[in-house]
Amino acid sequence: MTAIIDSNIEIAAALLRDGQCVAIPTETVYGLAANALDREAAGKIFKIKNRPEFDPLIIHVDSIQTALKYVEAFPEKAMKLARAFWPGPLTLILPKKKIIPFEVTSGLDTVGIRVPQHDLTLQLLENLKFPLAAPSANPFGYVSPTNAEHVIDQLGDKINYILDGGECHIGIESTIVGFEKDDVVIYRQGGLTQEMIEGVIGQVKVQTISSSNPKAPGMLTSHYSPLTKVILVKEPLTSILPNSGYIAYKNAPIGILPEKTFILSESENLFEAARRLYAGLRLLDAKKFNQIYVEMVPNEGLGVAINDRITRASS
Ligand code: TXA
Ligand code: MG
């Protein structure tokens with residue numbers, strides 16, 4: 001069995017109503033979706049991804065109004081962020097209603113929720129009477145998929161249908177934000193920058209690092225990684241080991257063959273770099289080098305999330 005790649009919302013909806021998993025496009029990365037109100041369907045996601053049960057899923061809805069059906073409370077600052085950035089790459093951690101099964105939230109009484117910014121998936125959600133639980137559509141720990149081909153490469157024999165929505169235009173996962181008493185906390189850097197968030201609600205805390213952070217259980221230090229060893233490049237190198245790949249921000253170092261290099265953004269545009277990072281890691285991973293060098297990018301704006309992923313890939 002190989003998954004069908006197509007853009008038919010009716011077929012995707014029918015499979016999801018039947019309790020099956022379907023890969024869906026979003027603006028960040030492709031998700032592996034199932035009915036979030038059906039514990040059995042959600043359980044299939046963990047199996048297909050080989051994902052540990054302690055790593056909670058986030059759920060996707062079509063609007064703020066629909067989100068209100070699944071959360072007990074929506075703090076004022078959360079509502080301000082939702083109004084400003086949904087649909088968009090922002091996941092809010094909020095207290096869940098009973099209707100969301102603990103299988104989805106890995107036993108937590110909070111749930112991660114977002115409205116994705118993708119027409120096809122928004123139409124799909126409008127056609128369904130339930131929210132979609134969806135982690136990134138990759139085997140646990142590997143690089144996330146940013147097009148339908150990436151999904152079929154890895155999960156093509158485990159699912160029936162991939163809803164094809166083209167290339168993801170952000171290319172890096174959503175920013176995850178939680179609310180602790182009066183504090184707003186970023187648990188995962190992502191497609192929405194800290195500056196954008198602070199522009200709406202003022203100063204926030206950042207708490208993303210550890211593998212054992214109980215507030216973001218799935219955020220392991222080593223994650224988002226290709227099979228090939230990744231070496232982080234903080235300062236320009238003068239030489240590299242033989243049989244290596246090289247991901248550069250703007251310019252490949254002189255002397256490295258073009259087929260061994262991948263440029264993130266010749267114009268030094270961090271949005272373009274984010275959009276291309278995972279495709280670059282996959283491309284060079286397939287060439288089976290002994291190692292892939294990856295340059296860090298300027299640590300500002302979206303660069304913070306890019307550097308986070310590069311660092312985790314190298315851990
Ligand atoms: O952009 C995205 O967020 C993509 C697309 C498909 O929407 N999804 C995604 O899902 O990246 P996933 O499962 O790969 O990462 C979601 C992370 C989990 O690993 C976990 O760390 C965190 O969200 N999370 C989920 N529910 C949580 C909760 N209740 N409390 C704290 N962290 C939670
Ligand atoms: Mg993931």
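All residue numbers refer to positions in the sequence shown, counting from 1. Just so it is clear, the values below take in all heavy atoms, side chains as well, and ignore hydrogens, waters and symmetry mates.
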Notebook entry, point to check: Just by distance, with hydrogens left out, do R114 and T26 show a side-chain donor and acceptor under 3.5 Å apart?
Noted result: yes
Check: Does a donor on one side chain and an acceptor on the other come within less than 3.5 Å for S267 and N269?
Finding: no
Notebook entry, point to check: Any luck finding a side-chain donor-acceptor pair between T91 and S174 under 3.5 Å?
Noted result: yes
Note to self: Please find the pair of heavy atoms, one from L92 and one from A78, that lie closest to each other, and give the distance.
What the structure shows: CD1-O, 3.7 Å
Next item on the list: Check the side chains of Q154 and R282 for a donor-acceptor pair under 3.5 angstrom, ignoring hydrogens and angles.
Entry: yes
Check: Under 4.5 Å between any side-chain heavy atoms of R17 and L128, yes or no?
Finding: yes
Note to self: Ignoring hydrogens, what is the shortest heavy-atom contact between S225 and A313? Give both atom names and the distance.
What the structure shows: CB-O, 3.5 Å
Check: Is any side-chain heavy atom of V184 closer than 4.5 Å to a side-chain heavy atom of V177?
Finding: yes
Check: Same hydrophobic cluster for Y278 and L270, using side-chain heavy-atom links shorter than 4.5 Å among ILVMFWY?
Finding: yes
Note to self: Filter on salt bridge (charged side-chain N to carboxylate O under 4.0 Å, His left out), then keep only pairs touching residues 160-175, sequence neighbours left out; what's left?
What the structure shows: E173-R309
Check: If you look at every heavy atom in D285 and L227, which pair is closest and at what distance?
Finding: OD2-N, 3.0 Å
Margin query: Could you tell me if the side chain of R83 sits less than 4.5 Å from the side chain of L81, heavy atoms only?
Written below: no
Checklist line | Step-by-step side-chain hydrogen bond (donor to acceptor under 3.5 Å, both in side chains) determination, S314 to T311 | finding: CA-CA 5 Å; S314 72; T311 307; 5.5 Å; no
Note to self: I need the K260 NZ to L284 CG distance, nearest 0.5 Å.
What the structure shows: 11.0 Å
Next item on the list: Check the side chains of Y161 and Q20 for a donor-acceptor pair under 3.5 angstrom, ignoring hydrogens and angles.
Entry: no
Notebook entry, point to check: S144 and V29: which non-hydrogen atoms are nearest, and at how many Å?
Noted result: CB-CG1, 3.7 Å
Notebook entry, point to check: So F74 and W86, would you call those rings parallel, tilted or perpendicular, with 30° and 60° as cut-offs?
Noted result: perpendicular
Check: Can you name the nearest heavy-atom pair linking A82 to L90, along with the distance?
Finding: N-CD2, 4.5 Å
Next item on the list: Kindly indicate whether the side chain of L232, heavy atoms from C-beta on, has any atom under 4.5 Å from the side chain of M296.
Entry: yes
Item checked: Y249 to P298 - nearest heavy-atom pair and separation -> CE2-CD, 3.4 Å
